[in-house]
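Report on one structure; see the data block that follows.
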Amino acid sequence: MEDVVAEVIKKALGESSIFRNREALASDYVPDKLPHREEYIRRIAELLSPALRGEKPSNILIYGLTGTGKTAVVRYVMKRFEEHAEKVGIDVFKFSYVNCRNEDTNYRVLFKIGSDLGVKIPFTGLSVAELHNRLREYIDSRKLSVTIVLDEIDFLVKKVGDDLLYRLTRINDELTQSKVSIVGVTNDVKFVETLDPRVRSSLGEVEVVFPPYDALQLADILRERAVLAFKEGVLEDGVIEYCASAAAREHGDARRALDLLRFAGEIAEREGASRVSLVHAKKAREELEVNAAMEVVRTLPYHSKLLLLSLAVMKGFAESTGSLYLTYRRICETLGVEPLTQRRVSDLINELDMLGVLTSRVVNKGRYGKTKEVSLGVDPATVLKVLSSDTRIGEYVKSVKVSGDR
DNA sequence: CGTCCACAGGAATGACGGGCGG
DNA sequence: CCGCCCGTCATTCCTGTGGACG
């Protein structure tokens, strides 16, 4: 009897037979060691080190595909610098880390920078210019040496333009007592070409390129983390290699490799297995795709969901925005929802494209016009399943399925 | 070689919700 | 509490455009 209760308690407390520390496999975990990135850590640290002496470091622009360790390296260096500053008791040395995918307006970016530095700012209501002024005054009056990391900076520029970037890079001209340097991180190499030349030259004073990992390097990374994350001996042979090679095939994305491994562990745990096997890893790979899409899709605004639903109904492919819009309108009608304009839908398609849920490309059909070809990034059936979690859409999907069955 | 399709995507504008300063 | 200003989402109106067709 006691044993049963003890078991339940053990489970409730998150005690696991598989994991020692699951966090070590989370994508935002900053490990003590980043295998195969030592030279980049050194490089970035050297570039930023003038800040510790109160001088202005160069602005840096970092490129590299997703999961090549850009963010991890920058955050690692940040962490170490902060620890050092704290130990020595320097309080004018500040970092701000902004992920522009989350903070995707000028206001939110400035707000995040402000709150990282300790400025009190309302989360809406002020003008961007006012925010900018407050920030500048705060930094200047405290003689701060600030390093601002703008992660996924291409998102910000695509959405609101390079105006904020221009102003941030020029903020030093207005400061008399302080120094601000910018670290831009992007995984879109082409994005740099679209920048205003002035911003480009100022932001990219130094450019650092991160190459993708190969399968062997990914395996090293996984091994490193697996020691922290898993209990001893629960990983069967080949699991790490499987995850590494699967991720290597997708442009050497380390985040993906880590997700795979963690998920394989979770599946094993859920099934009550005592070890993580290749079977679990393979399952993880299949389910992960679905899961990733789920997370994005679930939090989408209603009309974006409807749009995805339309595309899914069209078997995931529309040869023109017109035909997609027609389907969308039909669905709106049956649901009794006021449809958005085609103009707006066009913007929504672009947003979904940026989120990676679908792919659109402009095609010219000459005599037959110029339009956008839209295709779903995931299996339509999966999308339908995920969308069904929205009750209103769920009803619709059910009714279509019923009438569709002959 | 010009036309003209079927849109893309820019600009102006408005409704709405929220903070600010008085 | 009020009037003001702002960001966000959406609409309306608009100009721009690559290339197959005639």
Side-chain angles (χ1 to χ4, degrees), chain A residues 98-115 117-138 150 154-168 188 190-191 193-196 296-311 314 317-333 335-355 357-376 390 392:
Chain A
V98 183
N99 186 323
C100 302
R101 193 195 289 257
N102 303 330
E103 328 293 333
D104 59 354
T105 65
N106 286 339
Y107 193 94
R108 287 213 270 265
V109 169
L110 286 171
F111 176 78
K112 179 65 166 54
I113 295 171
S115 52
L117 300 182
V119 193
K120 286 201 199 86
I121 300 172
F123 63 85
T124 174
L126 293 180
S127 74
V128 170
E130 172 64 15
L131 250 184
H132 193 80
N133 285 338
R134 284 198 191 187
L135 215 55
R136 198 190 55 222
E137 274 165 31
Y138 182 89
L150 297 172
D154 45 322
F155 267 80
L156 182 72
V157 174
K158 263 180 216 150
K159 193 144 182 232
V160 295
D162 50 18
D163 184 54
L164 177 71
L165 234 46
Y166 179 66
R167 277 196 280 175
L168 280 179
D188 183 357
K190 274 190 297 179
F191 137 88
E193 292 160 17
T194 67
L195 282 177
D196 184 316
V296 184
V297 170
R298 211 196 321 256
T299 55
L300 245 31
Y302 189 50
H303 279 282
S304 300
K305 284 186 183 174
L306 288 181
L307 205 56
L308 275 183
L309 174 60
S310 316
L311 194 54
M314 299 170 75
F317 182 81
E319 91 288 345
S320 76
T321 36
S323 59
L324 176 60
Y325 186 65
L326 232 57
T327 315
Y328 163 79
R329 285 198 69 123
R330 224 193 55 230
I331 289 175
C332 282
E333 204 176 315
L335 284 173
V337 180
E338 195 66 28
L340 299 176
T341 34
Q342 187 161 350
R343 179 68 186 82
R344 181 64 188 140
V345 166
S346 160
D347 277 347
L348 289 183
I349 291 174
N350 288 338
E351 279 172 32
L352 290 172
D353 191 351
M354 273 198 263
L355 282 172
V357 184
L358 52 76
T359 332
S360 68
R361 59 179 246 270
V362 188
V363 285
N364 273 294
K365 296 183 177 170
R367 187 75 253 264
Y368 303 107
K370 178 186 172 187
T371 181
K372 234 150 115 183
E373 209 176 73
V374 189
S375 55
L376 210 50
D390 184 305
R392 287 177 289 183

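Letters A, B, ... mirror the listed sequences (proteins, then strands); counts begin at 1.
- As judged by a 4.0 angstrom heavy-atom cut-off over every strand, D347(A) is placed among residues making no nucleic acid contact.
- Rounding to whole angstrom units, CZ of residue F111(A) and C1' of dG19(B) are separated by 12 Å.
- Evaluation of the salt bridge (Lys or Arg N to Asp or Glu O under 4.0 Å) rule for K370(A) yields no partner, not counting sequence neighbours.
- Contacts of D347(A) classified as salt bridge (Lys or Arg N to Asp or Glu O under 4.0 Å), with partners at least two apart in sequence or in another chain: R343(A).
- Computed from coordinates, the E338(A) CD to dA15(B) C1' distance equals 15 Å when rounded to whole Å.
- The distance between atom CZ of R134(A) and atom P of dG21(B), rounded to the nearest whole Å, is 6 Å.
- Sorted by first and then second residue, the salt bridge (Lys or Arg N to Asp or Glu O under 4.0 Å) pairs involving residues 318-328 of chain A (not counting sequence neighbours) form an empty list.
- Residue L326(A) contributes atom CG, which lies 9 Å from atom P of dC7(B) at whole-angstrom precision.
- Going from atom CD of E373(A) over to atom P of dA6(B) covers 16 Å, rounded to whole Å.
- Taking atom CE on M354(A) and atom C1' on dG9(B), their separation rounds to 13 Å, with Å as the unit.
- Distance from the side chain of R108(A) is smallest for dT8(C) among the nucleotides dT8(C), dG21(B), dC7(B).
- Residues satisfying the side-chain contact (heavy atoms from CB on, under 4.5 Å) test with R330(A), not counting sequence neighbours, are T327(A), Y396(A).
- Taking 4.5 Å as the limit, some side-chain heavy atom of V345(A) sits within range of a side-chain heavy atom of L307(A).
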Distances under 3.5 Å between protein N/O atoms and the N/O atoms of nucleotides 14-18 of chain C, please, pair by pair.
| residue | atom | partner | partner atom | Å |
| --- | --- | --- | --- | --- |
| dG18(C) | O4' | N364(A) | OD1 | 3.2 |
| dG18(C) | O4' | N364(A) | ND2 | 2.9 |
| dG18(C) | N2 | G366(A) | O | 3.1 |
| dG18(C) | N3 | N364(A) | OD1 | 3.2 |

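- The CG-C1' distance, from L307(A) to dC9(C), rounds to 15 Å in whole Å.
- Whole-Å rounding puts the N350(A) CG to dA8(B) P distance at 8 Å.
- For R298(A), the salt bridge (Lys or Arg N to Asp or Glu O under 4.0 Å) partners at least two apart in sequence or on another chain are E295(A).
- Using a 4.5 Å cut-off on side-chain heavy atoms (C-beta onward), V296(A) and L352(A) make no contact.
- Legend: residues meeting salt bridge (Lys or Arg N to Asp or Glu O under 4.0 Å) with K372(A), ordered by chain and number and at least two apart, are absent.
- Qualifying ring pair (Phe, Tyr, Trp, His ring centres under 6.0 Å) partners for Y325(A), counting only residues two or more places apart in sequence or in other chains: Y328(A).
- For the contact set between residues 339-346 of chain A and DNA chain B, defined by any heavy atom under 4.0 Å, the members are Q342(A), R343(A), S346(A).
- For T321(A) and dA6(B), the shortest distance from a side-chain N or O to OP1 or OP2 is not below 4.0 Å.
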